[in-house]
Chemist: 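Following this message is one structure expressed as structure tokens.
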2 protein chains.
Amino acid sequence: MSVTQTLPLTDISRRSTDEADACSSPLARASIAPDHADALARSLKALADPARLRIISIVSAHTDQEACVCDLTDQLTLSQPTISHHLKVLVEAGFLSRAKRGTWSYYSVVPGSLNSVVGVLADV
Amino acid sequence: MSVTQTLPLTDISRRSTDEADACSSPLARASIAPDHADALARSLKALADPARLRIISIVSAHTDQEACVCDLTDQLTLSQPTISHHLKVLVEAGFLSRAKRGTWSYYSVVPGSLNSVVGVLADV
DNA sequence: CGGTAACATTGATCGTTGTCGATGTCCACG
DNA sequence: CGTGGACATCGACAACGATCAATGTTACCG
């Protein structure tokens, strides 16, 4: 399996700048940087879950923009540890913030966090 | 922030069926429906990958809004089957469309597909 | 001080997914 | 008609992630 064939070094490995590429079209603008794509993917991964989207929606639907875990266990058909897990993911991604008062934990949407992702995604 | 104000204890003993739960706040508006969250999560899952974000960016950076696979294998440090896999995910999610001409496959961004997700995400 | 309620953490399970090598398919060309 | 190039598909594997039961932690209350 090692070296089955020598690499075709004639044309493929040659860096373009030659217009002889038949299948390619010129670039109009630069594409996003790899690390930029990595950061955006991390944010999107935190949002790409039905339970987490509903959590954000439920929290932001409250008048004072905050809800406790009991509000979520009531509406979502998920166990309490699972909801805590999703909350942790959203907090670590910067979409929610936690405020503990007494025995209750109140979660609220970080202002502008969603719009920031929306803005970045708009010009990908 | 270490306020930890004492809670209004007068109402805690009264269990639910009363609309005023101690830890809960009233709703200002409705939250998204579960199937709506499911659909949005599927779209976001297709975007939540660094390679796929870069693919969309590279394709849309071309002047005619289309690029062939060779353009992608050149810029991404991934094998050709892996790139084909990501392209398939993006096509099935509705973000890219495929046009085969000769031996080459040209991929282009479906107009409005990204903005649609952005718009839905904006009012979650 | 013991009990209970709210929530977080841990450990385990199991489906999902990103990746690559190998192979298949289709087209162009000599 | 055979050969090679461009791309898709398949099979396998490893890493990740969503979920839950069990347990831990902290605050409140009698």
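Keep in mind that the numbers below use all heavy atoms, side chains included, and drop hydrogens, waters and symmetry copies. Note on naming: letters A, B, ... go to the chains in the order of the sequence lines (proteins, then strands), and numbering restarts at 1 for each one.
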Chemist: A:L78 CG to D:dA18 C1': how many Å, rounded?
Modeler: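 Taking atom C1' of D:dA18 as the reference, CG of A:L78 is at 9 Å.
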Chemist: Are the side chain of B:S97 and the backbone of B:V110 linked by a donor-acceptor contact shorter than 3.5 Å?
Modeler: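 Not a single qualifying donor-acceptor pair exists.
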Chemist: Mark yes or no for a side-chain to base donor-acceptor pair under 3.5 Å between B:Q80 and D:dA8, with no hydrogen or angle criteria applied.
Modeler: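 Checked by distance alone, the answer is yes.
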Chemist: Check whether any side-chain nitrogen or oxygen of B:H86 sits under 4.0 Å from OP1 or OP2 of C:dT19, and answer yes or no.
Modeler: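 The answer is yes; a side-chain N or O of B:H86 sits under 4.0 Å from OP1 or OP2.
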Chemist: Which parts of residues 45-54 of chain A get close to DNA chain D, meaning a heavy atom less than 4.0 angstrom away?
Modeler: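 Contacting residues: A:D49, A:R52.
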Chemist: Starting from P on D:dT26, measure out to NZ on A:K100 and report it in whole angstrom.
Modeler: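 Taking NZ of A:K100 and P of D:dT26, I get 8 Å after rounding.
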Chemist: Which residue lies toward the 5' end of DNA chain C, B:H85 or A:H85, if each is placed at its nearest nucleotide?
Modeler: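 Of the two residues, A:H85 wins.
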Chemist: Can you tell me the distance, in whole Å, between the CG atom of B:D74 and the P atom of D:dG5?
Modeler: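 Atom CG in B:D74 sits about 17 Å away from atom P in D:dG5.
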Chemist: Heavy atoms under 4.0 Å, any strand shown: does B:R101 hit a base, just sugar-phosphate, or nothing?
Modeler: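 Nothing, no nucleic acid heavy atom in range.
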Chemist: Could you tell me whether the phosphate oxygens of D:dA8, OP1 or OP2, come under 4.0 Å of any side-chain nitrogen or oxygen in B:Y107?
Modeler: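 Yes.
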Chemist: Side chain to side chain contact (heavy atoms under 4.5 Å, CB included) for A:S84 and A:Q80? Distances and angles first, verdict last.
Modeler: CA-CA 6 Å; A:S84 270; A:Q80 175 264 321; 3.4 Å; yes
Chemist: Is the side chain of A:S60 donor-acceptor paired with the backbone N or O of A:I56 at a distance under 3.5 Å, no angle test?
Modeler: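 It does hold such a pair.
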Chemist: Select one nucleotide: of D:dC20, C:dT19, C:dC7, the one nearest the side-chain heavy atoms of A:C70.
Modeler: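 The closest nucleotide is C:dC7.
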Chemist: Looking only at the side chains, is there a donor atom on one of B:S108 and B:R98 sitting less than 3.5 Å from an acceptor on the other?
Modeler: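 Note: B:S108 and B:R98 side chains miss the donor-acceptor criterion.
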Chemist: Give one of base, sugar-phosphate or nothing for B:S105, where a contact means two heavy atoms less than 4.0 Å apart.
Modeler: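 Counting heavy atoms under 4.0 Å across all strands, the contact made by B:S105 is with sugar-phosphate only.
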Chemist: Tell me if a side-chain donor or acceptor on B:S25 pairs with a main-chain N or O of A:E66 at a distance below 3.5 Å.
Modeler: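 Flag set: sc B:S25 to bb A:E66 pair under 3.5 Å.
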Chemist: Measure the distance from CG on B:L96 to C1' on D:dC7 and round it to the nearest whole Å.
Modeler: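 B:L96 atom CG is separated from D:dC7 atom C1' by 15 Å.
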Chemist: Could you verify whether a donor N or O on one side chain and an acceptor N or O on the other, from A:S116 and A:S113, lie under 3.5 Å apart?
Modeler: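 No pair is found: no donor N or O on one side chain lies under 3.5 Å from an acceptor on the other.
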Chemist: Can you check the B:R42 CZ to C:dT16 C1' distance for me, whole Å?
Modeler: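 Answer to the nearest Å: 14 Å.
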Chemist: Of the options D:dA6, C:dA22, D:dA22, whose atoms approach the side-chain atoms of B:W104 most closely?
Modeler: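 Output: D:dA6.
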Chemist: Is A:S84 touching bases, backbone alone, or none of the nucleic acid, heavy atoms closer than 4.0 Å?
Modeler: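 Base, at least one base atom sits under 4.0 Å.
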Chemist: Tell me whether the side-chain N/O atoms of B:T103 come closer than 4.0 Å to OP1 or OP2 in C:dC27.
Modeler: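 B:T103 to C:dC27 OP1/OP2: no side-chain N or O under 4.0 Å.
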Chemist: Check whether any side-chain N or O of B:T82 sits under 4.0 Å from OP1 or OP2 of C:dC20, and answer yes or no.
Modeler: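 The answer is yes; a side-chain N or O of B:T82 sits under 4.0 Å from OP1 or OP2.
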Chemist: Let me know the distance between CD of A:E66 and P of C:dC7, rounded to the nearest Å.
Modeler: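 Answer to the nearest Å: 12 Å.
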Chemist: Just the rounded figure in Å: distance from C1' of D:dA8 to CG of B:L72.
Modeler: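 Nearest whole value for this atom pair: 14 Å.
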Chemist: Please say whether the positively charged group of B:R101, taken as NZ for Lys or CZ for Arg, lies over the ring of B:Y106, i.e. under 6.0 angstrom from the six-membered ring centre and within 45 degrees of the axis.
Modeler: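 Judged by the rule, B:R101 and B:Y106 form a cation-pi pair.
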Chemist: Which whole-number value in Å describes the distance from B:L44 CG to D:dA18 P?
Modeler: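 One finds 13 Å between P of D:dA18 and CG of B:L44, rounded.
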Chemist: Tell me whether A:R42 contacts the main-chain N or O of A:A37 through its side chain, where contact means a donor paired with an acceptor under 3.5 Å.
Modeler: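 Such a contact is absent between A:R42 side chain and A:A37 backbone.
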Chemist: Side-chain N or O of A:R98 less than 4.0 angstrom from OP1 or OP2 on C:dC7?
Modeler: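 For C:dC7, OP1/OP2 do not have a side-chain N/O of A:R98 under 4.0 Å.
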